[in-house]
Amino acid sequence: MFGRLVLGVVFTACIAAGPPGPRFAAFRDGGGLTGEAEKIPAPPMKLRWTYQTDPKQHPAVESAATIAAGVAYVADDRGTLHAIDLATGKGKWKYTSEGGFDTSPLVIDGRLYLGDLTGLFHCVSADKGEKIWIFDSENGIHSSANTDGKHLLFGNDGGQMFCLDMDGKKVWSASAGDRINSAPSIGKSADKTIALFSGCDAHLRAITIDDGAEVFAADIGALSGGSAAFTSGRIVVGTDGGHVLCFDAAGKQLWDFDKIADQAMVYSSPAVSNGIVVAAARDRAVYGLDLQTGRQLWKFPTKGEVDSSPLISDG
């Protein structure tokens with residue numbers, strides 16, 4: 001990216017549809033992380049603006065932007081969080097950390113939450129970019145945070161899963177076998193609200209948010225770099241080794257799609273809408289799968305490996 005953020009193509013569409021409300025915005029819209037968006041006008045789209053993170057050092061932008069109330073919040077790998085006016089592309093403020101950022105900010109009730117690569121989890125005011133509090137997780141954070149409205153959930157490189165209250169106090173922590181890159185998805189299992197963590201220990205873990213108890217730890221056969229999507233009682237996750245797996249809310253495997261060429265890694269997070277799973281892989285293809293059966297519905301070839309997560313808008 002060479003430190004240059006070219007987001008006008010997407011933002012033009014978001015402005016036309018109306019910016020999200022001020023209360024909540026998150027990676028893949030939070031919750032079950034299904035990657036569904038409001039209706040976006042059809043192409044062709046025009047470039048509205050570009051934004052330079054730093055003209056001299058060119059820090060990279062590895063994470064997705066978060067948009068809330070007409071502002072785009074973007075974090076770079078040199079440790080600067082940028083607030084950018086969505087209409088003009090002009091910077092509003094910058095917040096800096098000693099550790100670089102590789103996560104997308106969570107925005108809720110006028111506050112931003114995100115972790116850095118030294119293990120610090122930051123709470124920042126959305127209006128002025130001022131520090132409110134910091135929690136030290138003691139290991140680098142590649143996991144974007146999610147919330148049920150009362151708790152903040154994320155993982156770290158030490159294989160720890162954390163739940164904080166909204167004031168930054170630890171409610172509980174739990175251990176996985178290896179680092180966690182993914183954002184946790186949130187949904188219901190029986191009468192409990194659970195968070196789903198996938199990571200480098202080749203397991204999908206369901207943890208109850210209220211008390212941190214493990215509901216299940218399903219073997220997914222290989223590491224997972226992306227987040228699981230949770231919808232309609234089904235959990236879909238991609239893995240290294242070229243698999244897309246589906247589980248029910250109790251952790252029982254329902255299907256395994258293994259037709260990805262050369263067993264290429266599914267690094268990105270799958271999207272789900274209207275009974276269709278969209279999964280992108282490093283075999284230079286994007287796949288459409290039936291949510292109920294895992295049957296391949298279509299395959300779209302690309303010109304390169306796909307690591308970014310698909311977004312679905314209006315079919």
Side-chain angles (χ1 to χ4, degrees), residues 20-33 63 66 68-69 71 73 75 81 83 95 97-99 101-176 179-199 205-217 227-228 230:
R23 183 173 186 271
F24 176 82
F27 174 67
R28 302 187 73 66
D29 207 28
L33 306 183
S63 57
T66 304
V71 181
Y73 300 100
L81 172 62
Y95 170 86
S97 168
E98 291 184 5
F101 291 116
D102 195 27
T103 61
S104 297
L106 166 68
V107 184
I108 182 168
D109 290 335
R111 294 182 174 188
L112 282 77
Y113 305 91
L114 77 167
D116 71 27
L117 297 178
T118 67
L120 299 180
F121 188 81
H122 302 256
C123 175
V124 181
S125 65
D127 58 347
K128 296 180 180 180
E130 297 174 345
K131 180 183 75 174
I132 298 175
W133 54 256
I134 290 177
F135 172 84
D136 188 358
S137 81
E138 300 182 354
N139 272 282
I141 301 171
H142 289 82
S143 168
S144 297
N146 202 351
T147 183
D148 64 349
K150 298 183 295 182
H151 306 93
L152 301 163
L153 298 126
F154 63 95
N156 73 4
D157 292 354
Q160 294 294 111
M161 300 167 281
F162 288 93
C163 176
L164 310 181
D165 68 18
M166 305 307 287
D167 293 320
K169 296 180 176 61
K170 186 171 76 172
V171 178
W172 53 259
S173 64
S175 296
R179 64 184 288 175
I180 297 168
N181 288 337
S182 64
S185 55
I186 295 173
K188 286 285 188 179
S189 176
D191 60 344
K192 299 177 180 178
T193 302
I194 60 172
L196 290 150
F197 293 85
S198 54
R205 298 179 185 274
I207 311 292
T208 55
I209 293 180
D210 285 342
D211 59 12
E214 186 173 276
V215 178
F216 65 80
S227 300
F230 192 4

For T103 and A75, the nearest pair of non-hydrogen atoms, with its separation, is O-CB, 3.9 Å
Does I141 offer a backbone N or O that forms a donor-acceptor pair with the side chain of D102 under 3.5 Å?
no
Step by step, work out the side-chain contact (heavy atoms from CB on, under 4.5 Å) result for D210 and T193.
CA-CA 8 Å; D210 285 342; T193 302; over 6 Å; no
Interatomic distance, CG@N146 vs CD1@I209, rounded to 0.5 Å, equals 8.0 Å
How are the rings of F162 and F135 set to each other: parallel, tilted or perpendicular (split at 30° and 60°)?
perpendicular
Kindly indicate, with the supporting measurements, whether the criterion side-chain contact (heavy atoms from CB on, under 4.5 Å) is fulfilled by D157 and H142.
CA-CA 7 Å; D157 292 354; H142 289 82; 3.0 Å; yes
Distance check, rounded to the nearest 0.5 Å: K170 atom NZ versus C163 atom SG?
11.0 Å
Give a yes or no answer on whether the side chain of S185 reaches the backbone of L33 with a donor-acceptor pair at less than 3.5 Å.
no
If every non-hydrogen atom of D191 is compared with every non-hydrogen atom of K188, which pair is closest and at what distance?
O-NZ, 4.2 Å
Mind telling me whether W133 and Y113 have parallel, tilted or perpendicular rings, with 30° and 60° as the class edges?
tilted
Inter-residue atom distance W172.CH2 - L164.CG, 0.5 Å rounding
9.5 Å
Determine the minimum heavy-atom distance between F24 and T147, stating which atoms define it.
CE1-CG2, 3.4 Å
Any donor and acceptor pair, going by atom type alone, linking the side chain of T66 with main-chain N or O of L106 inside 3.5 Å?
no
Which heavy atom of F27 sits nearest to which heavy atom of S227, and what is that distance?
CE2-OG, 3.9 Å
Taking C-beta and beyond as the side chain, do L152 and F121 meet within less than 4.5 Å on heavy atoms?
yes
Pairwise distance CD(Q160) to CD1(I180) - rounded to 0.5 angstrom
8.0 Å
Donor-acceptor pair, distance only, cut-off 3.5 Å: does the side chain of S143 make one with the backbone of S182?
yes
Where I194 and S189 come nearest, the two heavy atoms and their spacing
CD1-CB, 3.6 Å
Side chain D167, main chain K169, donor-acceptor under 3.5 Å:
no
Checking side-chain contact (heavy atoms from CB on, under 4.5 Å) for the pair L114/Y73: CA distance, chi angles, key distance, verdict?
CA-CA 11 Å; L114 77 167; Y73 300 100; over 6 Å; no
Is there a donor-acceptor pair under 3.5 Å between the side chain of T208 and the backbone N or O of A213?
yes
How long is the straight-line distance from CG of L153 back to OG of S144, given to the nearest 0.5 Å?
13.0 Å
Who are the side-chain contact (heavy atoms from CB on, under 4.5 Å) partners of L120, not counting sequence neighbours?
D116, T118, H122, I134, D136
Closest contact, heavy atoms only, S198 versus A228
OG-N, 4.2 Å
Could you pull out all residues at least two apart from S137 that satisfy side-chain hydrogen bond (donor to acceptor under 3.5 Å, both in side chains)?
N156
Could you tell me whether the side chain of R111 reaches within less than 4.5 Å of the side chain of S125, counting heavy atoms only?
no
Give the intermediate values and the outcome of side-chain contact (heavy atoms from CB on, under 4.5 Å) for residues M166 and D109.
CA-CA 10 Å; M166 305 307 287; D109 290 335; over 6 Å; no
How long is the span from the CD1 atom in I207 to the CZ atom in F216, to the nearest 0.5 Å?
9.0 Å
